[in-house]
Amino acid sequence: MEKVGIGVGEALTRDYEAPRDLPLVYLLSAGYDGRREKAFLNLYDPESGRMYLWYDNTGHLPYCLSKEPVEELRKNRRLLEYPGFLRLERERRFDALRDEWIEVTKIVASNPLAIGGEGRGGIRNLLETWESRIIYYQNYIFDRQLNPGMPYRVVDGRLEPLGYELPPEVASQMEDLFKDEEPALREYMREWAILLQCPVPRLRRVAVDIEVYQPVATRIPDPRTAEQPVIAVSFVGSDGLRRVLLLKEGAGEDPKIRGVEVRGYESERDLLAEAFRVLDDYPIVLSFNGDDFDLRYLRKRAQNLGFNAEEIPITVGRRATSLRHGVHIDLYRFFLNRSIQVYAFGNRYREFTLQEVASTILGRGKVALEEGVSELPYEKLAEYCLRDAELTYELTSFSDDLVMKLIIALSRISKMTVEDVTRHGVSRWILSLMRYEHRRRGMLIPNSEDILRVKGVTATRAVIKGRKYKGAIVRSPKPGVHFNVTVLDFASLYPSIIRNWNLSYETILCPHPECRDNLVPGTPHWVCRKRRGLSSLIIGSLRDLRVKWYKPLSRDKTLPEGERAWYNVVQSALKVFLNASYGVFGSEAFPLYCPPVAESTAAVGRYAMTKTMEEAESLGIEVIYGDTDSVFLKDPSEEQIEKLMRWTEEELGIDFDVDKVYRYVVFSRRKKNYLGVYPDGSVDVKGLTGKKRHVPPLLKEAFLRLTQILSGVKAPEDLERAKEEIRDLVESVYLKLKNREFDLREVSFNVMLGQSLSGYETNPQHVKAAKLLRDQGVKLGAGEVISYVVTRDSVGVKPIQLASKRDVAVGKYIEYLRSMFEQLLDALGLSFDELVGRPRETTLDRFFRQR
DNA sequence: GCGGACTGCTTACCT
DNA sequence: ACAGGTAAGCAGTCCGCG
């Protein structure tokens, strides 16, 4: 999110400028004002619910670093004459790769573009530089060691941290809990705890949604041209505001909706002016895809209608569409984040539309429409538009503002502004945090090439072609039905390894000869014994805090509901960071990419797993399966479990806990595929085709019923009855298919397009179907889900929109059913064909032949 | 010309 | 722009057989 060079009118910002004194404000965002040539901060005042802009008054300037001495750089005319170049300063930095302090030269400039903006300009393209790719306002945050999301005050114009301290009882409890840890780790945990215990204020905010007139119902309005009028704008605020602005023809009465303020406008210009007034009024604006649509459209439309620049409070950047004074959170971008989807929301939503996210998280969706928005009567249009704003707001307000709190927690950990943290992925969050810590300790932030020069090597071979190093091990499951299964797993395995083995880009393959014998098992890599690695310290402290403090507290029923909920937010935020902390070091896109760190982490993981499984077996426990960090034990005794846990704790130093207990587990020969039934009869399905998203609903439904039958099995002798039920089930699905008693939706595969249609080298089924749709003029892009049925014609597929029931190759679907069921029936000693039964075999045979 | 073995691509999943 | 490992299904190629 760049606010560089926007040129905000001075008069317009004056109303929002922070006064000389503010007793309590929260730092939410930051930017650069190109007109004033200053960094600014967005300070939220919870008392008034206003946002203030505070402009830097410390004289901070943009800069980058060079390893050439000042005298040498003085000879560089192009540098000295570069527009915006100011001066050179000698400084010291700690070069962690070489483990020594070095002299560097600080190249100071008058504005960030002089260091380097988009394109090839900037000092950073004249010579080799360090720290020149950090966006200026982040640099400002790092240098001043500011903490986004935390409370501050303004005293006589100066910005000061409010100095939140841990409540004494919390401080002493933590001290006690972590008293045996090394001091550096303890200090980090104390600092994290301050950030994470500090209360989050209520955040005054408004959700916005717009509707645009569409002459052709299927054409999506283009915000680059904004040719059509805005016909509705709705707002839903945390202060109870519920307002719809409607564009009307004629001066008739405004539609009445209970509890909603509906205002009709004959002039679109007046409507937009009022919309801008509301947007200006709130410190935080929420949208769903406002970056690419709503706010962008409003801005362009206003320009078309002749608004001058100062009247439009919206600015369009490369990464985001932002507001002049407030903070814009685009929830689409936030929910699109894979880590948020998977770790914070447990994969509950599978697509990224407002309809999907809202209906799965809130249990309420959009207003269903039969016609396009342009044909709707005013009242219906208002209702439709309002609902979208309501859903958008509620996505941040449900469960006592859970999402807002999560965003603030993520912002505090990552040191990123609220606007940035909601728009970037977890690798940026970790990068930001790492840079902040480098700056704090006077460490030079290395360039990627610096790390790779010495540490670009890996020594293991991946199982999968094209991968860079060997990953986790998966033990083949023992096929069959196993009763009384206990699953144990390592708590945060990889972060624990990074912590215990001191893994970090500077400590792996360190320069000290005396560390060379400190080898990582299964690799030729050695690790430093002399110095604590930065990422080891950061990840280790976050791990300890989550495992030993926040996770237990989030489950502590003796705590008040609200407090527990906050602990749960924090532990989920930490989980997101920890889960990605190993992977980033193996990702070329990560600026601190260090393959031997990732490789070593995985290698120690394999070592821990192998040793643990061996130990379990030597204790007489049967290990029936294991994947990465978990082992499945068949009917172990309390004592055996106890012994194994003690062994891992002592020998490996990693917590090894009971994760779950199954009444029984069904394994086929397939890895990452099983069905477990808990003592209460609930079913846990992993990896089986029947639970995959793309499978047709009719088959999914059949699979669900199969699992329900299995959940009723309490002992081996129940299998006979289950067999009968499965037979009936198969028969009923078979008949349903054969008699074509389904609608197309029920037999459609739903597969996501991973790339744009032009990007495919091959022609898989969903792409074929998509191309047929494209030929009909339907626009399709990456991320969209194609629904298609398998057909009898030579193409083999048809998109659901173009298919009829006649087209469906029902025989194919019987084959899918068989394949899906066999994943479980194999293991139960049942055969699909036998279940279907000899008497019916001839029918089936005929059936397959005729398809 | 045909079919089976094989490889590679793609998606969706597991940890 | 976190990682690697696994399964399933399909498309396309190669090769031996007749």
Side-chain angles (χ1 to χ4, degrees), chain A residues 336-339 342-343 347 350 423-431 458 460-477 487 489-495 498 535 539 576-595 597-603 605-606 609 625-632 659 668-674 684-695 749-755 759-770 782-783 785-786 790 795-797 812 815-816 818-820 822-823:
Chain A
L336 188 63
N337 184 315
R338 271 290 285 170
S339 300
V342 177
Y343 301 122
N347 243 329
R350 305 298 185 97
R423 285 174 175 81
H424 285 102
V426 65
S427 76
R428 281 273 141 185
W429 302 348
I430 294 174
L431 177 65
T458 53
T460 58
R461 262 265 266 294
V463 173
I464 306 170
K465 214 188 280 182
R467 301 275 158 108
K468 288 167 290 199
Y469 57 88
K470 198 172 182 63
I473 39 174
V474 188
R475 164 185 288 221
S476 292
V487 182
D489 74 352
F490 292 105
S492 293
L493 178 64
Y494 288 174
I498 290 171
S535 53
I539 295 161
V576 170
F577 272 87
L578 293 172
N579 276 327
S581 61
Y582 138 81
V584 292
F585 290 106
S587 163
E588 283 160 69
F590 186 61
L592 299 173
Y593 172 51
C594 188
V597 165
E599 182 180 39
S600 300
T601 311
R606 291 193 300 275
M609 271 289 277
Y625 179 57
D627 185 350
T628 311
D629 62 357
S630 65
V631 295
F632 288 55
D659 178 32
S668 65
R669 263 168 303 279
R670 300 162 185 84
K671 296 170 174 181
K672 298 185 187 284
N673 268 263
Y674 60 85
D684 196 16
V685 176
K686 296 291 181 194
L688 300 174
T689 302
K691 87 171 237 185
K692 295 199 178 186
R693 182 179 68 170
H694 69 278
V695 169
F749 286 86
N750 305 286
V751 179
M752 190 179 284
L753 279 178
Q755 48 192 314
Y760 285 93
E761 290 170 12
T762 56
N763 206 8
Q765 292 197 321
H766 68 295
V767 173
K768 274 187 195 162
V785 176
I786 306 298
V790 175
V795 184
V797 294
K812 273 285 199 180
E815 278 307 303
Y816 297 135
R818 174 208 299 273
S819 162
M820 190 177 75
E822 272 176 354
Q823 293 175 344

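Source: prediction; values computed, not measured. Note: hydrogens, waters and symmetry copies are ignored here, and every other heavy atom, side chains too, is used.
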Quick one: label [X] by what it contacts on the DNA or RNA (base, sugar-phosphate, nothing), any heavy atom closer than 4.0 Å.
| X | result |
| --- | --- |
| A/F590 | nothing |
| A/Y469 | sugar-phosphate |
| A/E599 | nothing |
| A/G471 | sugar-phosphate |
| A/S819 | sugar-phosphate |
| A/Y760 | sugar-phosphate |
| A/R670 | sugar-phosphate |
| A/A472 | sugar-phosphate |

Only counting residues at least two apart or in another chain, list the ones meeting salt bridge (Lys or Arg N to Asp or Glu O under 4.0 Å) with [X].
| X | value |
| --- | --- |
| A/K692 | none |
| A/E822 | none |
| A/K672 | A/D627 |

Taking OP1 and OP2 of B/dT10, is either one under 4.0 Å from a side-chain nitrogen or oxygen of A/Q765?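 For B/dT10, OP1/OP2 do not have a side-chain N/O of A/Q765 under 4.0 Å.
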When you check the phosphate oxygens OP1 and OP2 of B/dT10, does a side-chain N or O of A/H766 lie under 4.0 Å from one of them?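 Result: no.
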Chain A on DNA chain C: first and last contacting nucleotide, 5' to 3', under 4.0 Å to a heavy atom?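 Terminal contacting nucleotides, 5' to 3': C/dA1 to C/dA11.
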Start at the 5' end of DNA chain C and walk down; is the nucleotide closest to A/P764 or to A/Q823 reached first?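 Nearest nucleotide further toward 5': that of A/Q823.
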For atom CG of A/D684 and atom P of B/dT15, their distance in whole Å: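 Computing the A/D684:CG to B/dT15:P distance gives 8 Å.
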What is the distance, rounded to the nearest whole Å, between atom CG of A/D489 and atom C1' of B/dT15?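 It is 10 Å, rounded to the nearest whole Å.
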Do A/N750 and A/R693 touch side chain to side chain, with heavy atoms closer than 4.5 Å?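 With C-beta onward as the side chain, the pair stays apart.
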According to side-chain contact (heavy atoms from CB on, under 4.5 Å), who are the partners of [X], at least two apart in sequence or on a separate chain?
| X | result |
| --- | --- |
| A/T458 | A/Y469, A/P595, A/E599 |
| A/V463 | A/K470 |
| A/S587 | A/A589, A/F590 |

Not counting sequence neighbours, which residues clear ring-ring contact (aromatic ring centres under 6.0 Å, His included) with A/Y674? List them please.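 A/Y625, A/F632, A/F667.
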Determine, for A/R818 against A/E815, whether the closest basic-nitrogen to carboxylate-oxygen distance falls under 4.0 angstrom.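 A salt bridge is present here (some side-chain N lies under 4.0 Å from a carboxylate O).
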Which residues satisfy the side chain to side chain donor-acceptor pair (under 3.5 Å) test with A/T628, sequence neighbours excluded?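 With sequence neighbours excluded, A/T628 shows a side chain to side chain donor-acceptor pair (under 3.5 Å) to no residue whatsoever.
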Set of side chain to side chain donor-acceptor pair (under 3.5 Å) partners for A/R475, sequence neighbours left out: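 Result, side chain to side chain donor-acceptor pair (under 3.5 Å) vs A/R475: A/E617.
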What's touching nucleotides 12-14 of chain B from the protein side, N or O pairs under 3.5 Å?
from, atom 1, to, atom 2, distance (Å)
B/dA12, OP1, A/R693, NH2, 2.8
B/dA12, OP1, A/M752, N, 3.1
B/dA12, OP2, A/R693, NH2, 3.1
B/dC13, OP1, A/R350, NH1, 3.1
B/dC13, OP1, A/R693, N, 2.8
B/dC14, OP1, A/G687, N, 3.0
B/dC14, OP1, A/K691, NZ, 3.4
B/dC14, O2, A/K672, NZ, 2.9

Backbone of A/F577 reached by a side-chain donor or acceptor of A/N579 within 3.5 Å: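 No, the answer is negative, given that no donor and acceptor are paired below the 3.5 Å cut-off.
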Find every protein N or O atom lying less than 3.5 Å from an N or O atom of nucleotides 5-8 of chain B, and list the pairs.
from, atom 1, to, atom 2, distance (Å)
B/dG8, OP1, A/K465, NZ, 3.1
B/dG8, OP2, A/K465, NZ, 2.7

